[in-house]
Undergrad: 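I have a structure I would like to understand better, so I am pasting it below and will then ask my questions one at a time.
Here is the naming used below: chain letters follow the sequence lines, and residue numbers restart at 1 for every chain. Here the structure is a predicted model, which is why all the values come from computation and not from measurement. These numbers come from the heavy atoms of this one structure, side chains and all, not from hydrogens, waters or symmetry mates.
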Amino acid sequence: MRVRVLVRPKQGILDPQGEAVRSALPALGFEGVRSVRVGRLIELELESDAEVEAMCRRLLANPTTEEYEWEVVG
Amino acid sequence: MRVRVLVRPKQGILDPQGEAVRSALPALGFEGVRSVRVGRLIELELESDAEVEAMCRRLLANPTTEEYEWEVVG
Amino acid sequence: MRVGVVIFPGSNCDRDAMWAVERAGAEPVELWHADADLKGADAVILPGGFSYGDYLRPGAIARFARVMGPLERFAREGGPVLGICNGFQVLCEAHLLPGALLQNRGLRFVCRRVRVRVERADTPWTAACEMGEELTLPVAHNEGNYFADPATLARLEEEGRVVLRYLENPNGSASDIAGVCSEDRNVVGMMPHPERASDPLLGSEDGLGILCSVLAGVRA
Amino acid sequence: MSVRETYGALGLSDREYERILKLLGRAPNFLELSLFSVMWSEHCGYKNSRPLLGRFPNEGPRVLQGPGENAGVVEAGDGWALAFKIESHNHPSAVEPYEGAATGVGGIIRDILAMGARPVALLDSLRFGPLDEERNRYLFREVVRGIGGYGNAVGVPTVGGEVEFAPAYSGNPLVNAMCVGLVRVEDLVRSRASGVGNLVMLLGSRTGRDGIHGATFASDELTGESESRRSNVQVGDPFAEKMLIECCLELLEEDLLVSLQDLGAAGITSSASEMAAKGKVGIEIETDRVPLREEGMEPVEIMLSESQERMLAVVEPQKAERVRKLARRYGVGAAVIGRVADHGELRVVHGGEVVGSVPAEHLADAPLYEREVVRPAYLDGARRLDLAAVPPPRDYGTALLRLLSHPSLRSRRSVYEQYDHEVGTCTVVRPGADAAVMRIRGTNRGYAITTDGRGRHCYLDPRGGGAATVAEAYRNLSCVGAEPVALTNCLNFGSPEKPEGYYQLAECIEGMAGACEALGTPVVSGNVSLYNETERGAVYPTPVVGMVGLLEDVRRHATPEIKREGDALVLVGR
Ligand SMILES: Nc1ncnc2c1ncn2[C@@H]1O[C@H](COP(=O)(O)OP(=O)(O)O)[C@@H](O)[C@H]1O
């Protein structure tokens with residue numbers, strides 16, 4: 001079973017990476033990008049999704065600064 | 001318009017982060033995870049998706065080591 | 001002899017590189033990332049640091065800086081270009097050098113002195129070194145793990161384009177590669193910092209040969 | 001909420017509230033109360049420690065700036081001066097170790113920058129609980145990563161520090177960061193605001209809801225609840241800091257600033273009120289002119305936000321455009337957010353209306369608490385050790401190996417290899433020696449730096465331990481061939497409201513002050529971190545000393561390695 005976890009900086013938490021990308025884009029000729037958030041993509045190959053929630057909470061995301069969502073993708 | 005870009009290490013490319021996560025899981029009591037890949041999640045807020053493909057190719061992913069996919073999510 | 005040193009936002013070895021260039025006997029020239037030309041430099045160094053915070057990927061944003069246009073032309077016309085650490089990453093991102101620098105295998109930033117062997121003395125940046133010479137040079141990076149696909153690696157070896165090789169691999173680099181050059185040999189990228197080993201007070205002058213090479217090359 | 005509940009929730013006592021009423025001659029509104037609450041916290045106001053800190057000698061022939069500014073400054077010869085200070089980021093690191101440590105480094109760098117100095121060296125003094133506990137391992141790993149992550153990127157080498165482990169630090173790690181900066185004596189800047197009508201400009205990142213009430217948080221004990229107080233978490237952006245450093249140094253070089261101050265705990269409130277109080281002037285802040293990262297922020301949130309990578313500058317009106325232009329070159333924000341006024345107040349204007357106004361000198365003048373010094377009972381039991389009752393080891397070799405493998409004695413290479421200790425190419429003696437030695441480029445001169453703390457010793461014998469801490473730093477500098485000159489210190493203690501805590505604090509300071517006098521090393525700057533307690537108790541009383549020494553000829557330094565086989569080993573001293 002494949003599970004996809006998306007981890008992103010929480011709302012309101014500074015995202016220096018996203019900000020750096022956003023401000024670089026116009027110089028590359030890409031206009032019209034209002035905001036960029038950069039997070040992590042984690043793809044797991046496992047036997048059951050019973051423990052994914054716990055994995056996210058304990059290891060994959062930092063609950064202090066990040067939020068996460070996950071879904072089974074295959 | 002919101003676009004979600006997923007960037008991941010190409011097949012066959014060493015992914016030390018994914019490997020580190022995989023080997024940390026059993027110690028936390030999570031068994032049965034066969035593989036972990038860690039990549040990047042990039043969320044863009046923009047006016048049109050006309051240039052997203054070009055952004056991915058030129059900036060958001062490194063074609064030597066990474067593959068990407070993107071979709072409009074809202 | 002004027003050696004340009006590019007300053008990207010977030011470069012932090014730019015001043016070190018300029019001082020070392022001066023010690024090597026050349027005139028350092030500051031090149032600002034937003035400059036439209038190379039101010040008549042005879043050779044250019046892309047220094048170490050964290051251009052644009054290394055956000056996204058090291059070098060990914062810097063390669064689009066305005067100064068990179070003239071730099072790419074200069075490189076294609078055979079001008080000597082050296083990328084050190086972050087500069088190496090920028091050159092790979094800009095496709096002036098093959099391959100990519102992945103995160104260190106140990107997943108940690110590593111700052112130490114390592115021994116490397118000069119594999120080729122036929123580049124403008126190693127001309128003053130002996131082939132096979134062993135140098136002790138500082139490394140300090142988080143993404144120094146050189147990667148290229150097997151075909152590219154084979155070609156690099158075949159064409160003698162591996163310029164520096166680790167004798168003690170600090171980061172998991174393929175084939176212990178510490179530095180490579182372009183097809184025309186004028187563009188060199190390396191993870192070790194020669195500018196940090198250019199003063200006996202700091203414990204080593206092993207890097208001075210690399211910085212002096214370009215002087216010898218151009219004068220010849 | 002009643003008035004009493006409100007000020008209570010802000011961490012103010014009844015007595016403090018009454019004092020505010022008396023000072024103002026009226027009842028403060030919520031914004032004003034909030035300003036007092038942060039400025040009168042231990043973190044900003046030093047209300048428990050200030051009376052004791054007076055014990056430290058702070059004068060000496062080389063001292064150019066003692067306590068009271070953003071950093072202490074000593075003269076280093078050939079027209080150069082060294083600015084230095086150490087600061088704690090213990091509480092934020094306990095909650096979010098990576099960002100806590102990273103922003104600790106960012107914060108101390110800005111203190112040095114505020115003196116007009118280029119930050120050139122960092123040190124970190126760390127304490128954790130034993131590594132057999134998972135949480136401690138996590139804190140250790142992430143704190144070290146955070147220090148490296150910030151320091152490496154910002155391009156200031158981390159050249160020294162220390163790490164120790166003891167159960168007393170479980171769940172309450174100590175993360176102290178020290179920064180040293182170099183500045184020409186004539187280029188030293190002060191934070192005093194002056195010139196009525198001059199503009200107040202905010203330089204750097206935009207303001208978000210980061211760390212609101214962080215200063216009061218830092219002055220509170222850590223409880224399980226703290227971990228869920230999410231708004232306290234600040235995220236560092238070393239890239240923004242790097243640009244801010246280069247920008248501020250160039251602004252100073254171009255003579256565009258009247259004064260400069262970093263924004264740390266309590267954000268604009270503490271910076272503006274301190275600048276005003278020192279200059280005996282007023283400052284008006286128009287909160288609608290502060291560039292924001294988030295929508296709908298209230299004036300009180302803007303005034304208290306602890307968003308990182310910001311500096312406050314006083315600028316003459318005719319120079320504002322040049323400041324803006326130069327900042328743009330570095331991609332650094334620069335906004336006029338207020339002006340210097342003659343009314344002596346910190347005045348907050350929102351939507352054209354005054355929404356709060358209090359005399360800056362009162363904000364800067366927190367009430368002082370002198371507590372009774374009561375010797376705690378634990379000392380009697382703790383100091384009873386009969387050495388004769390300790391059996392000699394059966395095998396000295398095994399005993400030695402056990403000692404050497406103790407986490408507090410092991411090699412620190414795995415820590416300092418994660419720090420770029422060479423960027424700047426001035427590091428003459430790298431980590432691993434007794435002290436780091438740095439050169440001053442363009443001269444033959446150098447300086448040496450060390451940090452030292454002796455928590456267990458101070459726990460067992462606060463006065464003796466305090467003195468020994470200073471002496472150890474002094475010895476470490478001597479060992480590399482430097483002449484010790486002055487020191488900064490960070491006082492990491494438990495709650496001063498408990499008699500043991502206050503006794504330890506008072507006695508350690510007494511011991512340190514005595515040693516400083518005896519050795520001729522004045523204290524030129526420092527920081528206090530009290531309330532380092534968890535449910536498991538207080539940390540060891542851990543004053544950390546960061547001492548700086550000078551070498552007239554930096555080539556003549558010593559390193560600890562044994563250089564040749566056959567050389568004699570000599571034990572010097574008593
Ligand atoms: N956290 C740290 N950061 C940087 N350097 C460190 C750190 N901890 C230790 N070091 C380096 O290792 C040296 C040896 O550390 P330690 O074993 O604690 O020795 P000492 O007891 O002499 O301070 C220190 O003087 C310092 O140079």
Undergrad: Side chain, backbone, both or neither: which part of Glu246(D) has a heavy atom under 4.5 Å from chain C?
TA: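 Looking at Glu246(D), just its side chain touches chain C.
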Undergrad: So, taking the atom named OG in Ser51(C) and the one named NZ in Lys242(D), what distance separates them when rounded to the nearest 0.5 Å?
TA: 12.0 Å
Undergrad: Start with the C-alpha gap between Asp199(C) and Thr425(D), add the side-chain angles, then the distance that decides, and say whether side chain to side chain contact (heavy atoms under 4.5 Å, CB included) holds.
TA: CA-CA 9 Å; Asp199(C) 191 330; Thr425(D) 52; over 6 Å; no
Undergrad: Just so I know, are the side chains of Pro9(C) and Tyr330(D) near enough to count as touching, which here means a heavy-atom distance under 4.5 Å?
TA: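 SC-SC contact between Pro9(C) and Tyr330(D) ruled out.
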Undergrad: Top residue by heavy-atom pair count (under 4.5 Å) with chain D, among Ser198(C), Ala140(C), Gly203(C), Gly53(C)?
TA: Gly53(C)
Undergrad: Tell me, side chain or backbone of Asp54(C) under 4.5 Å from chain D's heavy atoms, or both, or neither?
TA: neither
Undergrad: Considering residues, nucleotides and ligands other than Glu30(C), do more than 12 of their heavy atoms fall under 6.0 Å from its CD?
TA: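 Counting other residues, nucleotides and ligands, CD of Glu30(C) stays at 12 neighbours or fewer.
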Undergrad: Using every non-hydrogen atom in the two residues, find where Asn12(C) and Ala153(D) come nearest and quote the distance to one decimal.
TA: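 Looking at all heavy atoms of both residues, the closest pair is ND2-O, 3.3 Å.
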Undergrad: Flag the one option from Cys13(C), Pro138(C), Pro200(C) with the top tally of heavy-atom pairs under 4.5 Å to chain D.
TA: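 Highest number of heavy-atom pairs under 4.5 Å: Pro138(C).
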Undergrad: What part of Tyr55(C) is in contact with chain D, defined as an atom under 4.5 angstrom from a non-hydrogen atom: side chain, backbone, both or neither?
TA: side chain
Undergrad: Check this for me, if you would: do Glu422(D) and Arg113(C) make a salt bridge, where the nitrogen-to-carboxylate-oxygen distance has to be below 4.0 angstrom?
TA: yes
Undergrad: Considering heavy atoms only, which positions within residues 552-560 of chain D lie below 4.5 Å of chain C?
TA: Val554(D), Arg555(D)
Undergrad: Take atom CD of Glu483(D) as the centre, draw a 6.0 Å sphere, and report whether it contains more than 12 heavy atoms from other residues, nucleotides or ligands.
TA: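 Open.
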Undergrad: Side chain from CB out, backbone as N, CA, C, O: work out which of these in Val154(D) comes under 4.5 Å of a heavy atom of chain C, or both, or neither.
TA: backbone
Undergrad: Is there a side chain to side chain contact (heavy atoms under 4.5 Å, CB included) between Arg196(C) and Asp420(D) once you walk through the steps?
TA: CA-CA 12 Å; Arg196(C) 294 187 182 186; Asp420(D) 187 340; 2.9 Å; yes
Undergrad: Can you name the closest pair of heavy atoms from Val428(D) and Leu201(C) and give their distance?
TA: CG1-O, 3.6 Å
Undergrad: Looking at Glu134(D), I want to see if its CD is surrounded by more than 12 non-hydrogen atoms of other residues, nucleotides or ligands under 6.0 Å.
TA: no
Undergrad: How far apart are the closest heavy atoms of Met243(D) and Gly10(C), and which atoms are they?
TA: SD-N, 3.6 Å
Undergrad: Among Ala240(D), Gly155(D), Gly149(D), which residue forms the greatest number of heavy-atom pairs with chain C at distances under 4.5 Å?
TA: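 It is Gly155(D).
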Undergrad: Counting heavy atoms not belonging to Glu130(C), are there more than 12 under 6.0 Å from its CD?
TA: no
Undergrad: Does a sphere of radius 6.0 Å around NZ in Lys325(D) hold more than 12 heavy atoms from other residues, nucleotides or ligands, not counting ones at 6.0 Å or beyond?
TA: no
Undergrad: Does any non-hydrogen side-chain atom of Phe239(D) lie less than 4.5 Å from one of Phe50(C)?
TA: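 Not touching, per the 4.5 Å side-chain cut-off.
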Undergrad: Quick one: CZ on Arg112(C) to CZ on Arg430(D), what's the gap to the nearest 0.5 Å?
TA: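 Going from CZ on Arg112(C) over to CZ on Arg430(D), the span is 13.0 Å.
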Undergrad: Between Glu22(C) and Arg441(D), does any NZ, NE, NH1 or NH2 come within less than 4.0 Å of an OD or OE carboxylate oxygen?
TA: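 The answer is no: the pair does not qualify as a salt bridge.
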Undergrad: Once rounded to the nearest 0.5 Å, what's the spacing between atom CD of Glu417(D) and atom CZ of Arg108(C)?
TA: 9.0 Å
Undergrad: Of the backbone (N, CA, C, O) and the side chain (C-beta and beyond), which part of Arg329(D) lies under 4.5 Å from a heavy atom of chain C, both, or neither?
TA: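 For Arg329(D), backbone and side chain are both near chain C.
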